[in-house]
Structures are given as structure tokens and as C-alpha cells.
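Note on naming: letters A, B, ... go to the chains in the order of the sequence lines (proteins, then strands), and numbering restarts at 1 for each one. Just so we're clear, the structure is a prediction, and the values are computed from it rather than from any experiment. In what follows, every heavy atom counts, from backbone to side chain, and hydrogens, waters and symmetry copies are set aside.
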Protein chains: 2
Amino acid sequence: MPEQPDGRRDDLAAMLGPLVQVLVAAEQPVLAEHDLSMWGYAVLCGLGDEPVRTQAALAQAIGADKTRIIGVLDTLQERGLIEREPDPADRRARLLRLTGEGRRLRDDVQRSIQQGEQRWLGRLPADERAVFLRALARLSRLAREDLDRSR
Amino acid sequence: MPEQPDGRRDDLAAMLGPLVQVLVAAEQPVLAEHDLSMWGYAVLCGLGDEPVRTQAALAQAIGADKTRIIGVLDTLQERGLIEREPDPADRRARLLRLTGEGRRLRDDVQRSIQQGEQRWLGRLPADERAVFLRALARLSRLAREDLDRSR
DNA sequence: TATTGTTATACTCTATAACTATA
DNA sequence: TATAGTTATAGAGTATAACAATA
């Protein structure tokens, strides 16, 4: 699909909006199947493979308010998907890490989601798709750096 | 910026989120300068260059609830940026169109916004940027078609 | 006195349902 | 009876401010 005939284009945000909307909608059934909220999944992804030293740091990493994720952490902990213990060196802080089961669940869900994304990415020619993903990854990283600076 | 070393990548939604956030944040000062809300701007863009036959159709086109835009239309009309008159052929409906001033304002704002976007797009090599924009336009169109079908 | 986590509250945004006017 | 537009209301999601524990 070429640009509009006169070379004009929609604003980036106007193009990204609908795309985000269908992608988020497509994630819902997968998340529901595993009893995860969007924020629950974001936490599992945000924890990565090394422990995180404070809840506030985790919240910032996933773009949430620190108060926003407390209930989420409660639930994940009750389900044995994460561990949350006071830092012995500073008992105000909570050390956070994935359990084995948490990691497994995260990987399962991520596999399903990225498989679903093929419905969209598959509509792009392979070479264009690779460039798109590389460019998106770069822009996303720059955007995150910018957000981190302004917080 | 290459993919992650192991070839894995973040979910599309996870990459798009921060990008949308900084783009929307960057639009705010421009909109404020012209006393426009985000929805107000969306309406000006949604009206395009031909009249729209009903408010509901306009709302759907910009992804809003029909009740959502009523106050927005009131304000735009008071400012002389749009015209809103009962359709003579069916007086339940309202014919909507941009005034000359509305079109001018829309074009001014859009120019500013797309100029601001260069801060991000400019970080991509020119050839990669062109491919990214083409791919994004295509995915966005597919997403919009999908959303329209499910409404 | 400052920081981490927590709770309660208030605020914003949005959708839902009920109403009017036309058809 | 059905549709376009409007209004009022309720709900979801979010941030803000106050508080307890620890440093």
C-alpha cells in the first residue's frame, strides 16, 4: 500500500492507534486462557531473568505507577509465579524475581502472542517485515530512553 | 539497533506502547497552542475534505463512541471550525463539514505535528524510514479494516 | 528527615441506558 | 417500530495524598 497519492500521510500516532488496539484485543483471549491481566503479563515480562530490587523500579520499567502494580504483585505471588521478599540489606525494599513456574508461564504466553502477531506481520513482504521490526525496535528503545529521562 | 542477541524480541504491543506515549506527549503542546483537544484534532482530521453524513459515522471513523464527540462538535462549531446542519433529506441526521478556517487550522497543526515527528523518524536511515512508513501505513489500514468489521 | 511500600480517595475517561425528534 | 442525536449516570482505570515501617 503506497502513500497517499499526494505524498501526504497520517500522523504516526493516528496510524499506530488502531494497530495497538487490534494487537491488544488479540492478546486478551491468550491472557484470559492463562488467567493473566495485561498488567500481570507486563510484570512477568518486566521481571526478566534477573531479580529486581524494588517494586518502584519494576513499575517504572513497565510504565506503571508504583501503586498500580501492588495488587498485581499480590496475585502473582499467591499463584506462586513470583517471589517477593524483603531485601536483607534494606528491609524497606522488596526483592522481586520470577519462579520457575512464572518463567514457564511467561514464555508460553509470549509464544502464543507472538504467534498471533504473525497474522499481521505475515501480510508484509519478508524483507519489508525485517526492516519494520528493526526500525520499530530502535524507535521503541529511543522512546523508552526519553520516557526514563523525563521521570 | 539489531534484534536481541538470541533473536527473541519484545511483543509488538510492548514496543508500540512507549512509542505512542512519547508521540502523544509531543502532540500536547502543539494542540494546546491551538486550543485543541486530542479528540478535537481527531475530528478535524476525520472530516477530511468531503462532508460526513452523520455524527455516528464520524465517531466510528475516528474510533470514538458517538456520545464521546458531541461536546467536541459543540466546541468546534462554536469556534467556527466546522459546520453542522440537519440533513434536509433526513432531518434526524447532521451534515458535518470543515469550514475554511477549520481546514486551515487542521493543516497548520498537522504540519507542526509531523515536523515534530522528525525528531524520531530522523533517527532512522532514510531507506529504512521509507520502508517503515510504508509498512506502518499498510498494517494500520489492515487494522482499521479489522476494527470496522467487528463493529 | 528521606525512602519503600501500602491504603484510601478523588479524578478522568469512557461506555450504558434512558430520552427527544424525526422517519 | 426504528434511527440519529442528546443527556445523565455509572463504571473502569488511574493518579494523588496520607500513612506505616525502615533507614
Side-chain angles (χ1 to χ4, degrees), chain A residues 13 17-18 20-22 24-25 27-28 31-32 36-43 46-47 51-78 82-97 147-148 150-151, chain B residues 13 17-18 20-22 24-25 27-28 31-32 36-43 46-47 51-78 82-97 147-148 150-151:
Chain A
V20 169
Q21 210 176 325
V22 296
V24 168
E27 289 191 8
Q28 298 306 322
L31 294 175
L36 273 178
S37 67
M38 197 192 54
W39 283 118
Y41 177 59
V43 163
L47 281 177
V52 170
R53 225 190 56 76
T54 72
Q55 296 182 182
L58 173 61
Q60 161 156 344
I62 64 176
D65 191 272
K66 66 174 180 173
T67 65
R68 185 72 200 67
I69 62 169
I70 290 178
V72 177
L73 293 174
D74 290 344
T75 306
L76 295 176
Q77 187 179 18
E78 280 163 23
I82 66 168
E83 283 171 357
R84 175 162 61 159
E85 50 176 3
D87 182 345
D90 179 351
R91 304 197 31 228
R92 291 173 303 182
R94 304 275 175 273
L95 288 172
L96 303 167
R97 70 171 67 87
L147 289 171
D148 285 342
S150 68
R151 283 195 279 233
Chain B
V20 169
Q21 209 176 326
V22 297
V24 169
E27 288 189 9
Q28 297 308 321
L31 295 175
L36 273 179
S37 67
M38 199 192 51
W39 284 118
Y41 178 57
V43 163
L47 280 178
V52 170
R53 226 191 54 78
T54 72
Q55 296 182 182
L58 173 62
Q60 162 156 341
I62 64 176
D65 191 271
K66 66 174 180 173
T67 66
R68 185 72 199 68
I69 62 168
I70 291 178
V72 177
L73 293 174
D74 291 344
T75 307
L76 295 176
Q77 187 179 17
E78 282 163 23
I82 65 169
E83 282 171 356
R84 174 163 59 160
E85 51 176 1
D87 182 345
D90 179 349
R91 305 201 27 232
R92 292 174 301 182
R94 303 276 174 272
L95 287 173
L96 303 166
R97 71 172 64 90
L147 288 171
D148 284 343
S150 67
R151 282 197 278 236

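- Taking 4.0 angstrom as the limit, W39(B) places a side-chain polar atom (N or O) nearer than this to OP1 or OP2 of dT14(C).
- Remark: P of dG5(D) and CD of Q77(B) are 13 Å apart, rounded to the nearest angstrom.
- A donor-acceptor contact under 3.5 Å is not formed by the side chain of R68(B) with the base of dT14(C).
- Regarding E85(A), its CD atom lies at a distance of 16 Å from the C1' atom of dG5(C), rounded to whole Å.
- No hydrogens or angles were tested; on distance alone, nothing pairs the side chain of R91(A) with the base of dT22(D) as donor and acceptor under 3.5 Å.
- At a threshold of 4.0 angstrom between heavy atoms, the contacts of R53(B) with the nucleic acid are absent.
- For T67(B), counting side-chain heavy atoms from C-beta on, the closest listed nucleotide (dA15(C), dG5(C), dA23(D)) is dA15(C).
- Note: NZ (K66(A)) to C1' (dG13(D)) measures 19 Å, nearest angstrom.
- Of the listed nucleotides (dG5(D), dT4(C), dA23(C)), dG5(D) has the atom at the smallest distance from the side chain of A56(B).
- Counting only heavy atoms from C-beta on, T54(A) has its side chain closest to dT4(C) among dG5(D), dT4(C), dA15(D).
- At a threshold of 4.5 Å between non-hydrogen side-chain atoms, the residues R84(B) and L95(B) do not count as touching.
- Summarising the geometry, atom NZ belonging to K66(B) is positioned 13.5 Å from atom CG belonging to L58(B); distances are rounded to the nearest 0.5 Å.
- Protein atom CD of Q55(B) is 13 Å distant from nucleotide atom C1' of dT7(D), rounded to whole Å.
- With values rounded to the nearest 0.5 angstrom, S37(B) atom OG is found 11.0 Å from I69(B) atom CD1.
- Side-chain proximity of D65(B) to dT16(C), dG5(C), dT16(D): nearest is dT16(C).
- Each of A89(A) and G63(A) was assigned the nucleotide of DNA chain D with the nearest heavy atom; the assignment lying further toward the 5' end belongs to G63(A).
- For the pair R94(A) CZ and dT3(C) P, the computed distance is 17 Å after rounding to whole Å.
- What separates CG of L96(B) from C1' of dG5(D) is a distance of 11 Å, to the nearest Å.
- When side chains are defined from C-beta on, R97(A) counts as touching E83(A), because their heavy atoms get closer than 4.5 Å.
- The I70(B) side chain lies nearest to dT6(D) when the options are dA23(C), dT6(D), dT7(C).
- Regarding L58(B), its CG atom lies at a distance of 12 Å from the P atom of dT6(D), rounded to whole Å.
- Using a 4.0 Å heavy-atom cutoff across all strands shown, D90(A) reaches sugar-phosphate atoms only and no base atom.
- Taking CG of L96(B) as the start and CG of L47(B) as the end, the distance is 6.0 Å to the nearest 0.5 Å.
- Considering only side-chain N and O atoms, R84(A) lies under 4.0 angstrom from the phosphate OP1 or OP2 of dT6(C).
- One interatomic measurement links the two molecules: CZ of R92(B) to P of dT22(C), which rounds to 11 Å at whole-angstrom precision.
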